Amino acid sequence: MGVINVEKSGRLEGVVQIGGSKNAVLPLLASTLLTDEPCVLGGVPALKDVDIMCRLLECFGAEVTEDRLAAQIRIHAKNIKTNIAPPDLVKAMRASIVAMGPLVARTGSVGVSLPGGCAIGERPIDLHIKGFRSLGAFVECEESEDGGGFVKAEAGRLVGAEIYLDFASVGATENIMMAAVLADGTTIIENPAQEPEIVDLANFLNKMGAKIRGAGTDVIRIEGVEKLHGAEHTVIPDRIEAATFMLAAAITGSNILVDNMLPNHVVPVIAKLRETGVYVREAFGGIEVDATRGMLKATDIKTLPYPGFPTDVQPQFMAFLTVVEGRSNIIETVFENRFMHIGELNKMNAGIVDNGRHALVPGGASLKGAKVRATDLRAGAALILAGLAAEGLTTVSDIYHVDRGYEGLTEKLSKLGARIRRSES
Ligand code: EPZ
């Protein structure tokens, strides 16, 4: 199992290029099951989760051709040979669940084993099931003690419906949208997720011939069509990767350019960095982050569904707040257990108080290098950022989490001047 070694790195400098969005490309890949014609996705990041989704599409019968050099993937789901998702792949990546919508819409049935809970929360799928049932599918769900189990959905042609989401779930919105595009009649999703990844999926589906309006707002309207055709699409940049590098600049007191990203996708992160005194300027197609202009100060964070502050940036922002002067309060409202990184940061002398959904960051910490463990993808990124500012060596283990969601994180940080390297020990 590899580790990432990080040492105090002083000021970073230069330009970092942001890759395609993990959380956009996974549902985009799943949506190609909706047509028997070939689709081409560009700007695809080289991530473990993308590999797993491609294997999953092949298991369903799709022909997948990857051109890594061009960051392009061609998917042709001409025939679906099975509707049952292999349990090992679903266990490896819970986002596999978004294959349900396309498969039940295209073939009338799907069976997926449930991976159960994970480090950050129980991850139920009750809203996904509510959506499929509203569209006329018969859904059976056998839960096991660990929250795992098996879910099966069967339907003739789905029928448009009005669906209210009790929580603006990203995955449920994606699954319902992909199921509804081939339904008979109109589907209205109220209180949907409004993340940019939802908009990117709707844009691709509309290129395929779907009729979706309102993605990115609080009501999505879908007119069902008979059939979808193939299409080409370039994945939006990864706003969470961009935010991670913005915070790398902040925690090291650096001035860098985060390029090839969309500033309007990280508005809450820009706002919160400005509240701490970091200078942020929107440059063409990117963002200049300048944390060299004097004393930084604390601020409070509350995570919310988009356009609120993103939960996927909470660990990284917490790492930054440990070193600025003053107390910060962080409230995590999206996942029930997304403070696993507090214990690891406290091994580095962060002194954070974990009150369940509320964390109190005293600030002004002199972080010390330590042996720490990535408990999930974004916690791993947060520990690497903390290592950039900590005296001595920080060794981050369980870095397979990091490889799932970041393409070349250590290489990109190293190019900015970070003292970081992987070792396979
Ligand atoms: C997506 O997960 C992202 N993953 C997550 O990113 C992200 O943190 C999350 O959205 C929130 O923005 C991908 O897109 C692959 P949710 P998802 O359904 O769809 C509850 C990362 O680090 N809920 O919006 O699983 C659920 O328990 C990952 O890149 C229900 O109660 O998130 C959670 O508390 C981590 N019932 C909340 O909603 C349901 O049926 C948010 O979950 C579904 C969800």
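Keep in mind that this is a model prediction, so the values were computed, not measured. Counting starts at 1 for both ligands and their atoms, following the listed order.
The aromatic rings of F309 and F317 sit perpendicular to each other, their planes meeting at more than 60°, with 30° as the lower class boundary.
Residue A168 places no N or O, backbone or side chain, under 3.5 Å from any N or O of ligand 1. Any N or O atom pair closer than 3.5 Å counts here, and V170 shares at least one such pair with ligand 1. Backbone and side-chain nitrogen or oxygen atoms of F335 are examined, and none is located within less than 3.5 angstrom of a nitrogen or oxygen of ligand 1. Inclusion of D312 in the set of residues having an N or O under 3.5 Å from an N or O of ligand 1 is warranted. Of the polar atoms of E174, none of the N or O atoms is found under 3.5 Å from an N or O of ligand 1, judged by distance alone.
At a 4.0 Å cut-off, not a single heavy atom of Q314 sits close enough to ligand 1 to count as contact. Ligand 1 is never approached by G121 to a heavy-atom distance shorter than 4.0 Å.
R357 and T333 form no side-chain donor-acceptor contact under 3.5 Å, judged by distance and modelled atom types alone.
For the side chain to side chain donor-acceptor pair (under 3.5 Å) criterion with D312, the lone passing option out of R338, R378, K22, R239 is R338.
For A202, the side-chain contact (heavy atoms from CB on, under 4.5 Å) test picks out M177, I212, A215, with sequence neighbours left out.
Sorted by first and then second residue, the side chain to side chain donor-acceptor pair (under 3.5 Å) pairs with a member in residues 257-270 read Q17-D259; sequence neighbours excluded.
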